Engineer: 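Pasting in a structure now, in structure tokens, and then I'll have a few things to ask.
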Amino acid sequence: MKNTILGALLLLSITLLAQGEKEKITETVNQSVIKSHIGFLASDALKGRDTPSPELDIAAEYIKSRFVQYGVSTADGMDSYFQEVPMKSLKAATEGTLSLAGDEYSLKDDFLLLDGGKDLEGPIAYVEYGSTEDLEKGKVEGKIVVALCGDGTVQNPRAWFRISREKRSKAKELGAIALVELYNSSQMPWSLLVRFLSRDQVGLNAEEGPSLTHIWMNRSVDDLENLTKKKQTGSLTVSGNSQEAFVSKNVVGFVEGTDENLKNEIVVYSAHYDHVGIGQADDSGDTIYNGARDNAVGTVTVLSAAENIARYPTKRSALFVLFTGEEKGLLGSQYFIDNSPVEHSKMVYCFNSDNGGYNDTSIATIIGLSRTTAGDIISEACKAFELEATDDPAPEQNLFDRSDNVRFATKGIPAPTFGMGFTAFDEEIGKYYHQPADEPETLDYNYLEKFFSAYVLSCRMIANAEETPFWVEGDKYYEVGKQLYNR
Ligand SMILES: [Zn+2]
């Protein structure tokens, strides 16, 4: 800041604002409320809130009931608190043979089935990276489309996975019978990929009709020559696999803002409410992965904000969203952003909460704290409850792009993630992270009271601030944000 007096005045005004709002927080946030929410959501009775499970639906009903109790309404354009999310469970194939241009390949050793999967046969169309243009040029109707993973610019398998969704839907639209992508990455060796992708999966079921068969194949570009020759054919036989469609739920609530103009700007408060369900027993024989930290705590940050803002509405409007299927690959948030009840440009900020665990009760860790202009406000709100706000301690882990907030960020909406204090991925985190030990009674509720209070105060201050928060100049998502809001 150039002018130090101006800077000091600005900070002072934020401090005064924080003090004025603080009383409203202590009226709704207290330990007994926190304990009862987390105690229920992370109880053994909810069996770890797997997607799908009847217990996850019970959690959704619980959240809905709290919205009703608080006086939170349904969002415009929605006739219920539930946004139905079409999903499918995919049971992995146990055996399979892929034949391409005369050579035979076997399941797992050479290829993985990512989606679809029935016996088929047809001519091969080789389309380089399989961009829309490549696919249109390739006359792919009735053919097995063979392409390279990615788009030629990024080297990250996670990004390849994202990019392949577009290829798949375009190939399907053009009448292809399968998409085979050639995988060759030093970042994630094939054996690791096999471990991740040959398990049973859950995915979105947003497309119409049966899914296109989608294969990743362990080949390097050197092997292409044979495939690119004309009049080649291929075939696939698989067994053991199956698909079942089901519907899961995002829970969505709304409180209208009080300011004539600012109420048209919506702040989103979000968290995922699912966890990983029942799994391998730990040393004590416990098989229920309760998910108290991950993410009953995040769910309760949003519930705490909902109760408070319903009682004392802010100038900007509030949209509360609890996502399903985060642990299965950020599915609920993906569906929400693709089918959101409000236009993206109306959502000016997304304040997400996701939690792996904590190892420092003097801080709150905000992934992306310094990446939006609301960073000072969040720091001040934390200070009001004796917590220091700290940014991402492990940027190399790229946590910002690994939780539901990234669905908003990639559209240009500023979206940090508020989480419990952690300074490193150490033993203390590992003891509970995705473990049966992540139970409600292992939490420090004195800390949580401060933590939830700091979150709700941050929400109030962001939603009442004169200036609309935005990305800090130069951020990775700054330009797409400018486009979204016509800034
Ligand atoms: Zn998790």
Side-chain angles (χ1 to χ4, degrees), residues 37-38 41-44 46-53 55-56 59-60 63 85 87 158 161 195-197 199-204 248-251 270-280 282 286-303 321-336 350 352-359 364-368 392-394 397-408 415-422 424-440 442-443 448 451:
H37 288 326
I38 298 177
L41 291 166
S43 63
D44 281 357
L46 289 204
K47 294 182 184 161
R49 308 185 304 281
D50 197 12
T51 311
S53 68
E55 293 78 16
L56 185 67
I63 295 161
V85 183
M87 292 192 185
R158 271 175 207 280
F161 197 76
R195 279 228 320 266
F196 279 122
L197 295 179
R199 307 190 276 223
D200 297 347
Q201 312 262 347
V202 170
L204 283 182
S248 195
K249 299 176 187 106
N250 288 329
V251 193
S270 66
H272 74 88
Y273 71 98
D274 67 304
H275 191 54
V276 299
I278 290 176
Q280 213 172 13
D282 65 5
D286 191 358
T287 57
I288 299 174
Y289 289 61
N290 302 70
R293 290 159 181 76
D294 183 8
N295 195 24
V297 164
T299 305
V300 177
T301 57
V302 177
L303 286 180
V321 190
L322 284 311
F323 302 117
T324 176
E326 189 268 356
E327 303 284 4
K328 301 289 194 253
L330 318 184
L331 301 181
S333 54
Q334 172 74 61
Y335 189 81
F336 180 82
C350 169
N352 189 56
S353 179
D354 197 358
N355 296 276
Y358 63 98
N359 57 18
T365 298
I366 297 92
I367 307 295
D392 192 345
Q397 297 261 0
N398 202 17
L399 290 178
F400 190 94
D401 289 350
R402 282 169 54 190
S403 184
D404 295 308
N405 63 307
V406 73
R407 302 297 191 198
F408 293 81
T417 290
F418 191 86
M420 291 185 288
F422 80 104
F425 282 99
D426 61 5
E427 227 176 289
E428 177 63 18
I429 301 287
K431 208 157 83 185
Y432 301 104
Y433 177 71
H434 283 207
Q435 296 298 326
D438 187 8
E439 308 247 15
T442 60
L443 289 166
L448 279 181
F451 174 82

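What you see is a predicted model, and the numbers here were worked out from it, not measured in a lab. By convention here, the first residue in the shown sequence is residue 1. First listed ligand is number 1; within each ligand, the first listed atom is number 1.
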Engineer: Would you please indicate yes or no on a ring centroid separation below 6.0 angstrom for Phe323 and Tyr335?
Structural biologist: no
Engineer: I'd like to verify the contacts: list protein N, O or S atoms under a distance of 2.8 Å from the Zn ion (ligand 1).
Structural biologist: Asp294 OD2, Glu327 OE1, Glu327 OE2, His434 NE2
Engineer: Let me confirm one number: the CG-CD1 distance from Leu399 to Ile367, rounded to the nearest 0.5 Å.
Structural biologist: 5.0 Å
Engineer: Going by side chain to side chain donor-acceptor pair (under 3.5 Å), name the residues that satisfy it together with Asp294, two or more places apart in sequence or in a different chain.
Structural biologist: His272, His434
Engineer: Is the NZ atom of Lys47 crowded by more than 12 outside heavy atoms at less than 6.0 Å?
Structural biologist: no
Engineer: For the residue pair Thr324 / Asp274, report whether a side-chain donor-acceptor contact shorter than 3.5 Å exists.
Structural biologist: no
Engineer: So, the side chain of Asn355 versus the backbone of Gly357: is there a donor-acceptor pair under 3.5 Å, distance only?
Structural biologist: no
